[in-house]
Amino acid sequence: MKHLSHASVSSSPPLVRSFYERETVNVAKELLGKILVRSFRSTVLQGIIVETEAYGGEEDPASHAYRGPTERNQVMYGPPGHAYVYFTYGMHYCLNVKTGPNGQAGAVLIRALQPASGIDRMKKVRGTERIKDLTNGPAKLTQAFDVTRDLNGHDLTTGRRLFIADNADPGKFEIASSSRIGVRAGTDRLWRFFIRGNQFVSKQ
DNA sequence: CTAAAGATGTCCT
DNA sequence: GGACATCTTTAGA
């Protein structure tokens, strides 16, 4: 069981827009080991990103943008570095970051985190004491981090409310890939990326 | 307007 | 391994 070193408190600034304004698959890989930060009035939650998935535009049959722009997916066509939050299965939210240039659809789904700080609050919100179950899935982490509709379109480069920061001490890890989880189409693309051996990855 | 599926999680057998 | 909760979005009539 691989465990990344605990970067309990990151004081790193938010990743800049040019980080997101690149090819989606590359951004998906490079987000591994980075820190998702959610700040409230008197609390800060942090988790190390350990699993991501890349989604393209009209050429990707698994993407929400496969059939062109709609009301739901409009953030995927907007400027890079903004949060695309969507509601699914009648009860769950999923968090993506918009990637690539303005006008071209692309996003990376954040699928799992390794909790780093604010764990007590995550336990309370998730209703479990098991750290392994706090953020090991796309809808689990949005619940733990209180990411809902009102953060759809949120700019992740401002450092307010929700952002992603560099990890000062990510340690060494190996990136593994597989086809994306929960999609019927586009399974030929190995666009799911995760830290090999990390116990917070959602599925083996 | 109607209906079916969905980038999931939880509980049950 | 399978049922089911629950509702928005999208496609098709």
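First the proteins, then the strands, lettered A, B, ... as listed; each starts at 1.
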Inset, instruction - Would you indicate which nucleotide in B/dG6, C/dT10, C/dT8 comes nearest to any side-chain atom of A/Y89? - result: B/dG6
Inset, instruction - Could you please name the partner base of B/dG6, counting Watson-Crick and G-U wobble pairs only when both distances are under 3.5 Å? - result: C/dC7
Inset, instruction - Give a yes/no answer on whether the side chain of A/R111 brings an N or O atom under 4.0 Å of OP1 or OP2 in B/dT8. - result: yes
Inset, instruction - Please give the nucleotide sitting opposite C/dG1 as a Watson-Crick or G-U wobble pair, both distances under 3.5 Å, or none. - result: B/dC12
Legend entry - side-chain N/O A/T88 vs B/dT8 OP1/OP2, d < 4.0 Å: no
Inset, instruction - Consider the side chain of A/H92, meaning its heavy atoms from C-beta on, and name the nucleotide among B/dA7, C/dA11, B/dG9 that approaches it most closely. - result: B/dG9
Legend entry - Under-4.0 Å salt bridge between A/D133 and A/R126: no
Inset, instruction - Could you say whether A/M91 or A/R149 is positioned toward the 5' end of DNA chain C, judged by the nucleotide with the nearest heavy atom to each? - result: A/M91
Inset, instruction - Return yes if the base of B/dA7 and the side-chain atoms of A/Y86 contain a donor-acceptor N/O pair under 3.5 Å, otherwise no. - result: yes
Inset, instruction - To the nearest Å, give me how far apart NE2 (A/H64) and P (B/dA5) are. - result: 16 Å
Inset, instruction - Would you mind telling me which of B/dA7, C/dT8, B/dG9 lies closest to the side-chain atoms of A/M76? - result: B/dA7
Inset, instruction - For a side-chain contact (heavy atoms from CB on, under 4.5 Å) with A/I164, tell me which candidate from A/T157, A/I49, A/I35 qualifies. - result: A/I49
Legend entry - Under 3.5 Å side-chain donor-acceptor pair for A/D155 and A/T158: no
Inset, instruction - Select one nucleotide: of C/dC7, B/dA7, B/dT10, the one nearest the side-chain heavy atoms of A/K140. - result: B/dT10
Legend entry - Candidate nucleotides B/dT8, C/dT9, B/dG9, ranked by approach to the side chain of A/R72 - the nearest: C/dT9
Legend entry - Rounded P spacing from B/dA5 to C/dA3 in Å: 15 Å
Inset, instruction - In whole angstrom, give me the gap between the P atoms of B/dA7 and C/dG1. - result: 22 Å
Inset, instruction - State plainly whether the residues A/E129 and A/K123 are in salt-bridge range, i.e. N to O under 4.0 Å. - result: yes
